[in-house]
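Below is one structure, written out as structure tokens; the observations come after it.
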Amino acid sequence: MTAGSTPLTVEVVFEVHTSADFDLWPTQVSAGGPYLRASGEMLEAEVGATVEAFLSSWYFQSATKARTPEEYVSLALATRHPEDDVPSVDGGLRITDSRTGVVVLPGCCADLDILSCVHDFLAGGRVWGFHGHDPSPSAERIGGGVLRLHVDDERPEAGYINTSEAEMRERMVDVESDLRGFLDRLAGWADEYVPGHHAVLVALFRAALWSCPFDEDGRCASTASLNVCSKWQ
């Protein structure tokens, strides 16, 4: 989401790969790549693709073939052990500078735990390590309140984006809005396709989208803190 005329856009994206023979609910991925922007404006089939991708690693451990959406979710969750860590969602941040056209994308194998890393970094932490590889994005402070976001540590010629810490904090507030919008969209999707698993599915996504607890309004405590942090500049 972009605020005003700022040249910097920061979006949460899901990395989604769907099974060609999956037909239990509509799925649709982007023609331009595996990334789907998380927001309340996602198409129904894009939400469906995100849910299928999220559950597939658990479902494929089941020896039974699901015949209905509810059965698919049930079989997937049955393979997840209660002691498992917080579930993860593949993806990360897509950061675009409209002035230069440079885009920083998540690396392969990245997940949305990067959001907590960004929060910690903007709150004064020393390390903002993007997860993933091919590319291997990274960020550093270069002085004067300026951040340099590298497209790929392994390829310096791939370019970078310079932005202020204050602007990055503002954009992360936009990210919060997109996440809350996605959760609302997901809740509506679950009501239609898997009403029997509505509560558990939304709860799993809440846990996966940020590794800190959400408050009663669905707001992530870390992101809420960014509203305060943005006043430091």
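Computation of the quantities below employed the complete heavy-atom set of this structure, encompassing side-chain atoms and omitting hydrogens, waters and symmetry-equivalent molecules. Being a predicted model, the structure only gives us computed values, none of them experimental.
- A distance of 10.5 Å separates OG1 in Thr9 from CD1 in Ile95, rounded to the nearest 0.5 Å.
- Contact record, Arg37 with Val13: CA-CG1, 4.0 Å, taken as the closest heavy-atom pair.
- A distance of 8.0 Å separates CE of Met172 from CG of Leu179, quoted to the nearest 0.5 Å.
- A donor-acceptor pair is defined here as one N or O able to donate and one able to accept, closer than 3.5 Å; such a pair exists between the side chain of Arg169 and the backbone of Leu122.
- Phe121 carries Arg141 over the face of its six-membered ring, with the cationic atom under 6.0 Å from the centre and within 45° of the normal.
- The hydrophobic cluster containing Leu204 also contains Phe60, counting ILVMFWY residues as joined when their side-chain heavy atoms lie under 4.5 angstrom apart, directly or transitively.
- Closest non-hydrogen pair, Thr64 versus Leu75, comes out as O-CD1, 3.6 Å.
- Taking every heavy atom of both residues into account, Pro106 and Tyr35 meet most closely at O-OH, 3.1 Å.
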Item to check | Check against side-chain contact (heavy atoms from CB on, under 4.5 Å), Leu186 and Val51 | outcome: CA-CA 9 Å; Leu186 173 68; Val51 172; 3.7 Å; yes
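- Panel note: side chain Tyr160, backbone Ala139; no donor-acceptor pair is recorded below 3.5 Å.
- Looking at Glu46, its side chain does come within 3.5 Å of a backbone N or O of Leu43 through a donor-acceptor pair.
- Between atom CG of residue Asn162 and atom CG of residue Leu149 there is a gap of 8.0 Å, rounded to the nearest 0.5 Å.
- Under the 4.5 Å side-chain heavy-atom criterion for grouping Ile, Leu, Val, Met, Phe, Trp and Tyr, Val200 is connected to Leu183 within one hydrophobic cluster.
- Annotation: the span from Glu41 atom CD to Phe182 atom CZ amounts to 13.5 Å, rounded to 0.5 Å.
- Inspection of the Asp178 and Ser39 side chains reveals no N or O donor paired with an N or O acceptor under 3.5 Å.
- Closest heavy-atom contact between Val151 and Val103: CG2-O, 3.7 Å.
- Summarising the geometry, atom CG belonging to Leu36 is positioned 11.5 Å from atom CD belonging to Glu11; distances are rounded to the nearest 0.5 Å.
- In this structure, Trp58 contributes its side chain and Leu77 its backbone to no donor-acceptor pair below 3.5 Å.
- Looking at Thr79 and Tyr59, their side chains never come closer than 4.5 Å, going by heavy atoms from C-beta outward.
- Remark: the backbone N or O of Pro7 is paired with a side-chain donor or acceptor of Ser98 at under 3.5 angstrom.
- Of all the heavy atoms in Thr96 and Ile161, the pair that sits closest is C-CD1, 4.2 Å.
- Of all non-hydrogen atoms in Pro137 and Val104, the two that sit nearest each other are CB-CG1, 3.7 Å.
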Run the side-chain donor-acceptor check on residues 188-198: report pairs under 3.5 Å with partners two or more places apart or on a different chain.
| unit_1 | atom_1 | unit_2 | atom_2 | d |
| --- | --- | --- | --- | --- |
| Tyr193 | OH | Glu44 | OE2 | 2.6 |
| His197 | ND1 | Glu70 | OE1 | 2.5 |

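- Between Phe54 and Phe205, the ring centre distance stays below 6.0 Å.
- Checked by atom type, the side-chain pair Glu52/Ser56 shows no donor-acceptor distance below 3.5 Å.
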Item to check | Stepwise side-chain contact (heavy atoms from CB on, under 4.5 Å) test for Leu93 and Arg171 | outcome: CA-CA 11 Å; Leu93 293 178; Arg171 299 289 73 74; over 6 Å; no
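- Ion pairing of Glu140 with Arg148 is absent here, as no side-chain N (NZ or NE/NH1/NH2) approaches a carboxylate O to less than 4.0 Å.
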Item to check | Chi angles and distances behind the side-chain contact (heavy atoms from CB on, under 4.5 Å) call for Leu55, Val73 | outcome: CA-CA 7 Å; Leu55 296 174; Val73 178; 3.8 Å; yes
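- In this structure, CD on Glu154 lies 6.0 Å from CG on Asp152, to the nearest 0.5 angstrom.
- The side-chain heavy atoms of Ser138 and Asp153, taken from C-beta on, include a pair separated by under 4.5 Å.
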